[in-house]
Amino acid sequence: QVQLVESGGGLVQAGGSLRLSCAASGRAFSSYSRGWFRQAPGKEREFVAAISRSGGTTYYADSVKGRFTISRDNAKNTVYLQMNSLKPEDTAVYYCAASDGLRRDSYEYDYWGQGTQVTVSS
């Protein structure tokens, strides 16, 4: 089992920045690729970014490419999502997840955190 806990969400003005963290406990952290997803009210959960076990490979959704950066610190069992140039359309609950492979589809992730709210005001 892997337990995931997100933090760092909040309210920010458009153009601002936030850094989300996702701390893991349980089975070996470095055994899993990690992803960030988000879900806005009335919309389906969507892929944001993913990072491989070593951190050497990353994927991004087109909507966040160039603005968001995913990274991980295996020594601290933590993955991060640095979000810059935030837009109102980035408003959502952000979830981190763990998978045995580097994937973009939410159904391929086995473990999920409880989510953290990000609200971007215009």
Side-chain angles (χ1 to χ4, degrees):
Q1 285 288 336
V2 174
Q3 292 79 43
L4 304 173
V5 179
E6 302 97 335
S7 61
L11 174 64
V12 65
Q13 289 188 334
S17 299
L18 283 174
R19 188 176 80 156
L20 305 183
S21 300
C22 178
S25 61
R27 293 182 62 183
F29 174 82
S30 59
S31 298
Y32 292 89
S33 296
R34 303 289 290 282
W36 285 96
F37 292 79
R38 66 187 182 186
Q39 188 167 18
K43 295 187 177 181
E44 293 186 354
R45 190 170 297 188
E46 65 173 357
F47 170 78
V48 175
I51 189 166
S52 61
R53 294 180 182 87
S54 68
T57 303
T58 56
Y59 292 156
Y60 295 93
D62 288 344
S63 59
V64 306
K65 201 171 295 183
R67 300 188 298 123
F68 291 11
T69 303
I70 189 171
S71 62
R72 65 189 295 163
D73 185 337
N74 287 345
K76 295 183 178 179
N77 290 351
T78 302
V79 65
Y80 304 96
L81 185 68
Q82 177 67 43
M83 306 185 295
N84 298 328
S85 302
L86 283 161
K87 304 175 181 180
E89 52 263 43
D90 295 318
T91 295
V93 177
Y94 283 70
Y95 299 89
C96 71
S99 172
D100 61 1
L102 188 59
R103 312 183 192 284
R104 299 174 185 263
D105 294 314
S106 60
Y107 67 85
E108 296 191 281
Y109 282 76
D110 301 308
Y111 303 100
W112 291 85
Q114 83 289 349
T116 185
Q117 177 71 46
V118 171
T119 302
V120 184
S121 63
S122 57

Novice: How would you list all residue pairs meeting side chain to side chain donor-acceptor pair (under 3.5 Å) that involve residues 85-94, not counting sequence neighbours?
Specialist: Arg38-Asp90, Arg38-Tyr94, Arg67-Asp90
Novice: Find the distance between SG (Cys22) and CZ (Arg72) and round it off to the nearest 0.5 Å.
Specialist: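 The CZ atom of Arg72 is 10.0 Å from SG of Cys22, to the nearest 0.5 Å.
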Novice: Indicate the atoms forming the closest heavy-atom contact of Gly115 with Glu6, along with that distance.
Specialist: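 Looking at all heavy atoms of both residues, the closest pair is N-OE1, 2.9 Å.
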Novice: Taking all non-hydrogen atoms of both residues, which atom of Ser121 and which atom of Leu11 are closest, and how far apart?
Specialist: CB-CD1, 4.3 Å
Novice: Nearest 0.5 Å please: distance from the CD1 atom of Ile70 over to the CD atom of Gln82.
Specialist: 12.5 Å
Novice: First locate atom CG of Asn77, then atom CG of Leu4, and finally report the distance between them rounded to the nearest 0.5 Å.
Specialist: 10.5 Å
Novice: What's the shortest heavy-atom distance between Ser122 and Pro88, and which atoms?
Specialist: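 Distance-wise, the nearest heavy atoms are CB-CG, 3.8 Å.
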Novice: Between Trp36 and Ser21, which heavy-atom pair has the shortest distance, and what is it?
Specialist: CH2-O, 3.8 Å
Novice: Quick one, Val12 and Met83 - any side-chain contact, counting heavy atoms below 4.5 Å?
Specialist: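 No, side chains not in contact.
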Novice: Which residues, ordered by chain and number, are linked to Tyr59 in its hydrophobic cluster, where ILVMFWY side chains connect at heavy-atom gaps below 4.5 Å, directly or through other members?
Specialist: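 Taking Ile, Leu, Val, Met, Phe, Trp and Tyr as members, Tyr59 shares its hydrophobic cluster with Phe37, Phe47, Val93, Tyr95, Leu102, Tyr109, Trp112.
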Novice: With sequence neighbours excluded, what pairs up with Asp100 under the salt bridge (charged side-chain N to carboxylate O under 4.0 Å, His left out) test?
Specialist: Arg103
Novice: Could you grab the distance from atom OG of Ser106 to atom CD of Glu44, nearest 0.5 Å is fine?
Specialist: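 Separation between the atoms: 8.5 Å.
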Novice: Treating Asn74 as the side-chain partner and Arg53 as the backbone partner, does any N or O pair qualify as donor plus acceptor under 3.5 Å?
Specialist: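 Yes.
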Novice: Hydrophobic clusters here meaning ILVMFWY residues chained together by side-chain heavy-atom distances under 4.5 Å, can you tell me if Phe68 and Tyr80 are in one?
Specialist: no
Novice: Quick one, Cys96 and Arg34 - any side-chain contact, counting heavy atoms below 4.5 Å?
Specialist: yes
Novice: Could you tell me which non-hydrogen atom of Val2 sits nearest to which non-hydrogen atom of Ala24, and how far apart they are?
Specialist: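 Residues Val2 and Ala24, closest heavy atoms: CG1-CB, 4.4 Å.
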Novice: From Thr116 OG1 over to Leu81 CG, what is the distance, rounded to the nearest 0.5 angstrom?
Specialist: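 Rounded to the nearest 0.5 Å, the OG1-CG separation comes to 11.0 Å.
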Novice: Quick check: closest heavy atoms across Ala40 and Ala92, and the distance to 0.1 Å?
Specialist: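 Where Ala40 meets Ala92 most closely, the heavy atoms are N-CB, 3.8 Å.
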Novice: CD1 of Ile51 to OG of Ser33: how many Å apart, nearest 0.5 Å?
Specialist: 9.0 Å
